[in-house]
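Written out below as structure tokens is the structure these notes cover.
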Amino acid sequence: MRVPFWTIPVLIVVISLAGLGFSYMISFPSITVTFYGDDQTIPETKKIINLIIDGVTCVDTALKASSTVEDVDGVLKFTAYASHRRVEIEYDPSRTTPEKICNAIEGPVFDQDSGEILFNVFRVLRINETPYHNMNGVTFTRNN
Amino acid sequence: MVFQIGIILLVLFTGFRYAMGWSGTSIETYCPLGGLETALSLFTHQQFTCATGERNLALFVGLLFLTVLSRKAFCGWVCPIGAISEWIYKGTKYMFRGLGKRNDIYRNIPMEPTRKLDRRLRWIRLPVLLLILGFTFWTGELIFRGFDPYYVLFSFHGHDVKMWSYAIIGIVLLGIFIFPMAWCRYLCPLGVALWPFSKIGRLTIARSVEKCIRCGECSRACPHNLPVDEVAEVNSGECTLCLECVHVCPKEDILELHLKGLKR
Ligand code: SF4
Ligand code: SF4
């Protein structure tokens, strides 16, 4: 059957938009790191925060970001969705707070490859959909 | 052409915004090859590879649908490297046609291999694809970023782009200058991955054998060196539906776009 030539661009636009729409319906992590052993139980009061972190762009940088909260007492699980710069952190609210977690993420990072300590690698842009810093670097949710 | 320019401007805008730190969306997230690269890791580890994500995967799945419907229309209408290759091909043809009249040296540029050799050379893309998929899966990194013309040209000196990346892209562009569509035909990993789906594509260029005057203009204009004037339907998995053949055909209604499987 003969079809008009404009069928081609129309198909391209429709399928691309459908693909982009579909991408918002699926979600898989780039990495998941758990900070509790098999013998430990997760407290029922555990909480989750969603962070948008500037600097988390791939699996490698997500692993670096996870290492910043490794030693924060009470952080249970770190899941990164690198393509969205989004990180989901499960924590025990009786042992830590979102502020402590964000401070750790924005703190110095030890780079295993170079053996150097790096500063200003990560910056928390949003916490649970709320901007974390304003434009002047003054914090909305914590005291600097 | 307008469509291709629009896509290139969009890609440049996306790359520039990311490079300036105004947006977190890099041009990589729109690359369907990233979807293929990450599919294996997603299947085995339920995790994405490196900087790839849902968008890459969804666009790759969408691209497979598009290819089954309209062959390699992605290459001929969307891919910025396809567009640049096509413009270089047309430019060199135009330029050297003039020069060739004055000096024989230029007559054979761009150098079109025989169809048989061309078909064989296209298989080079398969080891390229397997190498990329294998190493990406093995290392968990997009380690071929620095070789990817799309990334090197549009990321505004993005992560992993080194000076040698520009040297390689320079050589590739020079290759396209001499051998028509060299990247798309002989090196592009996505091109070979799409080929089986394109081969069964439903939209096709159909030639009215009765009306055709066999001038051969269509075959000469085809960037993929397909024998349009020798077949009733272009069923090649390499046809990008770029419509060049239709534009140059001196008679109207000889070359048409047909949807296969449905009667006239
Ligand atoms: S056959 Fe026609 S539409 Fe297909 S690639 Fe060649 S010129 Fe383009
Ligand atoms: S350009 Fe048109 S008339 Fe000439 S050979 Fe091709 S289909 Fe036939």
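Chain identifiers are assigned alphabetically (A, B, ...) following the order of the sequence lines, protein sequences preceding nucleic acid strands; residue numbering begins at 1 within each chain.
- Taking OG1 of A:T57 as the reference point, atom CD of B:E28 lies at 8.5 Å (rounded to 0.5 Å).
- Counting heavy-atom pairs closer than 4.5 Å to chain B, the top residue among A:C58, A:G19, A:A62, A:G21 is A:C58.
- Heavy atoms closer than 4.5 Å to chain B are found in the side chain of A:A82, but not in its backbone.
- Nearest heavy-atom pair across A:R2 and B:H258 is CA-CD2, 3.6 Å.
- In the displayed structure, B:W164 atom CH2 is contacted under 6.0 Å by more than 12 heavy atoms of other residues, nucleotides or ligands.
- For a residue to count as touching a neighbouring chain, one of its non-hydrogen atoms must lie under 4.5 Å from one of that chain's; by this rule B:L241 touches chain A with backbone and side chain alike.
- With rounding to the nearest 0.5 angstrom, the CZ atom of A:F5 is 10.5 Å from the CG atom of B:L203.
- Sorted by first and then second residue, the pairs that involve residues 72-83 of chain B and meet side-chain hydrogen bond (donor to acceptor under 3.5 Å, both in side chains), not counting sequence neighbours, are B:K72-B:E238.
- B:E54 and A:Y81 make their closest contact through OE2-CD2, 4.3 Å (heavy atoms, listed as atom of the first residue, atom of the second, distance).
- For the atom pair A:S16 OG and B:L59 CG, the distance stands at 7.0 Å (nearest 0.5 Å).
- Annotation: B:F3, atom CZ; neighbour count of heavy atoms from other residues, nucleotides and ligands within 6.0 Å is above 12.
- Only the side chain of B:Y30 comes within contact range of chain A, judged by heavy atoms closer than 4.5 Å.
- Heavy atoms from other residues, nucleotides or ligands lying under 6.0 Å from CZ of B:F137 number more than 12.
- With A:I12 as reference, B:L66 is the one residue of B:L69, B:L63, B:L66 to meet the side chain to side chain contact (heavy atoms under 4.5 Å, CB included) rule.
- Among all heavy-atom pairs drawn from B:A73 and A:I8, the shortest one is CB-CG2, 3.8 Å.
- Summarising the local packing, CE of B:M163 is surrounded by 12 or fewer heavy atoms from other residues, nucleotides or ligands at distances under 6.0 Å.
- At a 4.5 Å heavy-atom cutoff, A:T61 makes no contact with chain B through either its backbone or its side chain.
- Counted within 6.0 Å of CZ on A:F110, heavy atoms from surrounding residues, nucleotides or ligands total more than 12; the atom is thus considered enclosed.
- Considering only heavy-atom pairs separated by less than 4.5 Å from chain A, the leading option among B:T29, B:V78, B:T204, B:L243 is B:L243.
- In terms of heavy-atom proximity, B:A58 sits nearest to A:S23 at CB-CB, 3.6 Å.
- A 4.5 Å side-chain heavy-atom check between A:V14 and B:F65 finds every atom pair outside the cut-off.
- Note: A:M1 CE to B:R202 CZ = 12.0 Å, rounded to the nearest 0.5 Å.
- With respect to chain B, the highest number of heavy-atom pairs below 4.5 Å among A:V3, A:I15, A:V59 belongs to A:V3.
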